[in-house]
Amino acid sequence: MRCEMKFETVISPLDLDLTLACGQTFRWRRLEGSWLGVLGSEVIRLRQEGRTLTIEAEPGRDDIVALVEEHLRARDDIRAVQRKLSSDRVLSSGMRDLKGLRIVKLDEWESVVSFALATYANIPRITKMIETLCSKYGERLPGGFRAFPSQRQLRKASINDLADCGLGYRAKYLHQLCRYLGPGEIARMKSLPYDELREQLIELPGVGEKVADCVSLFGFGRLEAFPIDVWIERAMGRLYGEKGNYRKLRSFASDRFGAYAGYAQEYLYYNERTISGRGSCMFSEQ
DNA sequence: GCCCAGGAGTGTG
DNA sequence: CACACTCATGGG
């Protein structure tokens, strides 16, 4: 990548490593102390040194900083988030060490595809599936990078073509998604309240409650969404003694975390995955 | 080889 | 409503 444009900005608090490597997004690669990724049609390199975030990109756009700031949700008031969640005895102590972990804002279409593919797979595999899709169907970008393929680009692929990308049974869902969900529908859904957005997402093939909540949170930026996967289910049982079906756990989270349930979920998710890799728990049981 | 993964869809009691 | 079963596969 021949980066010619260079910018600096401050997003605070921010821990780029925590934010880009915790399973919200699957397209950033860590290389020699910086992060390489694609936002829209822009190849971007990010490097954090203290409070300074350095952004490098190809010349061509003058709003690269705004692009990155939107992706990292620079306008989120993390202090307000943590103040609100600090009333929760379980989260209050450990979450201070995670204040640099920010929710990211993904492209809506990319989020639907990514999390529909993410069912019943681990993160390395999800990463590979998406990488293969991008390399086969995404627009060519400088430096051998690829944009995330659009709905129209993916429509050209048959179910077998998609299965050849290692998608398994998910190939059929993606094939249908390309025919049911277009830019028009996405534009319309942006203005819906969360509960209606969620209902309409669940109507899509391959999208159930969990995927709809991931898409609501990461794609449509609804911070009240609380996706419950196996890790969160485990964490809620262990830390809160809370067990049951999706509806019950979701209701518990909504009552407890309210408008910032998405951040609470990210803290719990990070912690649960970390301790399974022989780390120690950041949160104390209730 | 075995186990499990940021589950969804479908059928049954 | 709650379960049970299937789906297809690769990474650890």
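Scope of the values below: all heavy atoms of this structure, side chains included, with no hydrogens, waters or symmetry mates. Below, chains carry the letters A, B, ... as their sequence lines are ordered, and counting in each starts from 1. Since we're looking at a predicted model, the values are computed, not measured.
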TODO: Check whether the aromatic ring of A:Tyr169 stacks on the base of C:dA8, taking stacking as ring centres less than 5.5 Å apart and planes within 30° of each other.
DONE: no
Could you state the atom-to-atom distance from [atom1] of [X] to [atom2] of [N] in whole Å?
X	N	atom1	atom2	answer
A:Lys172	C:dT9	NZ	P	12 Å
A:Asn160	C:dA8	CG	P	12 Å
A:Leu249	C:dA2	CG	P	12 Å
A:Ile159	C:dA8	CD1	C1'	14 Å
A:Leu117	C:dT9	CG	P	14 Å
A:Arg247	C:dA2	CZ	P	5 Å
A:Met129	B:dG7	CE	P	10 Å
A:Glu209	B:dT10	CD	C1'	16 Å

Assign [X] to base, sugar-phosphate, or nothing according to its heavy-atom contacts below 4.0 angstrom with the strands shown.
X	value
A:Leu167	nothing
A:Pro227	base
A:Phe218	base
A:Glu266	base
A:Ala121	base
A:Tyr269	base
A:Leu204	sugar-phosphate

Open item on the list: On DNA chain B, does the nearest nucleotide to A:Arg170 precede the nearest nucleotide to A:Gly206 from the 5' side, or the other way round? Give the residue.
Closed with: A:Arg170
Open item on the list: Please determine whether a side-chain nitrogen or oxygen atom of A:Asn122 lies at a distance below 4.0 Å from atom OP1 or OP2 of C:dG10.
Closed with: no
TODO: Look at the side-chain N and O atoms of A:Lys210 and state whether any lies under 4.0 Å from the OP1 or OP2 oxygen of B:dA8.
DONE: no
TODO: Using the closest heavy atom to pick a nucleotide of DNA chain C for each, name whichever of A:Lys128 or A:Tyr120 lands nearer the 5' end.
DONE: A:Tyr120
Task: Parallel, tilted or perpendicular, as decided by the 30° and 60° cut-offs, for the rings of A:Tyr169 and A:Tyr173 - done: perpendicular
Open item on the list: Using 30° and 60° as the class boundaries, would you call the ring planes of A:Phe218 and A:Phe115 parallel, tilted or perpendicular?
Closed with: parallel
TODO: Could you tell me which residues satisfy side chain to side chain contact (heavy atoms under 4.5 Å, CB included) with A:Ile159, sequence neighbours excluded, listed by chain and number?
DONE: A:Ala171, A:His175
Task: Cluster overlap A:Leu31 with A:Phe145, hydrophobic side-chain contacts below 4.5 Å - done: yes
Which nucleotide sits closest to the side chain of [X]: [options]?
X	options	answer
A:Arg234	C:dA2, C:dG11, B:dA5	B:dA5
A:Thr119	B:dA8, C:dG10, C:dC1	B:dA8
A:Arg125	C:dA2, C:dG11, C:dT9	C:dT9
A:Val211	C:dC1, C:dA8, B:dG7	B:dG7

Open item on the list: Can you give me the closest heavy-atom contact between A:Lys190 and A:Arg222, atom names plus distance?
Closed with: O-NH2, 2.8 Å
Open item on the list: Which heavy atom of A:Gly40 sits nearest to which heavy atom of A:Ala147, and what is that distance?
Closed with: O-CB, 3.7 Å
- [ ] Provide the distance between the two P atoms, one in C:dG11 and one in B:dA8, to the nearest whole Å.
- [x] 22 Å
